[in-house]
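Here the structure is a predicted model, which means the values were calculated and not measured. Letters A, B, ... mirror the listed sequences (proteins, then strands); counts begin at 1.
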Amino acid sequence: DAGVTQSPTHLIKTRGQQVTLRCSPKSGHDTVSWYQQALGQGPQFIFQYYEEEERQRGNFPDRFSGHQFPNYSSELNVNALLLGDSALYLCASSDLGHSGGETQYFGPGTRLLVL
Amino acid sequence: DAKTTQPPSMDCAEGRAANLPCNHSTISGNEYVYWYRQIHSQGPQYIIHGLKNNETNEMASLIITEDRKSSTLILPHATLRDTAVYYCIVTHTNAGKSTFGDGTTLTVKP
């Protein structure tokens with residue numbers, strides 16, 4: 001049973017560029033959430049996708065956007081990158097449609113460095 | 001989601017039980033208590049969760065007080081590989097998201 005997978009594992013970008021991160025949920029899961037984790041801090045919720053719609057959003061600017069595909073995989077896009085966007089980006093999947101979705105399973109993350 | 005309070009750090013001797021406390025005094029009736037841990041630079045790993053009753057699985061036990069205002073995660077025989085940051089989270093049914101605090105850094109020492 002494949003767990004949550006994310007790509008790429010590491011990424012280096014320069015300020016002002018745009019980046020796309022990808023996530024495949026755990027088999028049987030229909031919901032994907034994205035988190036940003038700065039060094040030394042806990043993960044911060046960015047947004048969640050369910051049935052290809054953004055269901056919830058945390059306190060992040062519109063530069064952060066996402067998409068969910070019919071196969072439940074998801075992308076996180078960040079435009080106009082800032083130095084402060086350097087972080088570990090985590091994807092978590094859950095089964096909102098059947099079990100309430102409280103239990104989230106996390107991927108290994110994508111470490112983004114903005115220079 | 002209710003706010004949780006955890007000690008910033010704890011030590012535990014290898015082979016002994018690690019007891020990690022969490023306060024969640026504003027928890028409401030339909031909120032679950034969840035525990036995750038994060039080993040350095042990896043994604044958080046789900047450990048266990050509960051609503052009212054104590055729970056046990058192959059990784060840990062969760063003890064929730066009768067008033068549900070606090071809980072304790074117990075790792076019965078800690079190993080060096082249990083060294084990690086442990087997060088206690090309270091979340092609503094159908095919330096689908098988790099609000100993480102700073103967690104407790106558990107260091108298991110030989």
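- Y87(B) places a side-chain heavy atom less than 4.5 Å from the side chain of P43(A).
- By the criterion of side-chain heavy atoms lying less than 4.5 angstrom apart, applied directly or through intervening Ile, Leu, Val, Met, Phe, Trp or Tyr residues, Y35(A) is not grouped with V114(A); the two fall into different hydrophobic clusters.
- Under the 4.5 Å side-chain contact rule for hydrophobic residues, I27(B) and I63(B) do not share a cluster.
- Criterion: ILVMFWY side-chain heavy atoms under 4.5 Å apart, direct or through other members. Under it, L76(A) and V32(A) are part of a common hydrophobic cluster.
- Atom CG of N71(A) has more than 12 heavy atoms from other residues, nucleotides or ligands within 6.0 Å.
- The hydrophobic cluster containing V4(A) also contains Y46(B), counting ILVMFWY residues as joined when their side-chain heavy atoms lie under 4.5 angstrom apart, directly or transitively.
- Minimum heavy-atom separation, L90(A) to P44(B): CD1-CD, 3.7 Å.
- Contact annotation for Q37(A): only side-chain heavy atoms (C-beta onward) come within less than 4.5 Å of a heavy atom of chain B.
- In this structure, Q44(A) CD and F100(B) CZ are separated by 9.5 Å, a value rounded to the nearest 0.5 Å.
- In this structure, the portion of Q38(B) lying under 4.5 Å from any heavy atom of chain A is its side chain and not its backbone.
- Using a 4.5 Å cut-off between heavy atoms, S41(B) touches chain A through backbone and side chain atoms alike.
- Side-chain heavy atoms closer than 4.5 Å link hydrophobic residues (I, L, V, M, F, W, Y) into clusters, and following such links, even through other members, never connects I48(B) to I74(B).
- Within the 4.5 Å cutoff, side-chain heavy atoms of T103(A) are placed close to those of Y34(B).
- Residue P108(A) touches chain B through its backbone alone, counting heavy-atom pairs closer than 4.5 Å.
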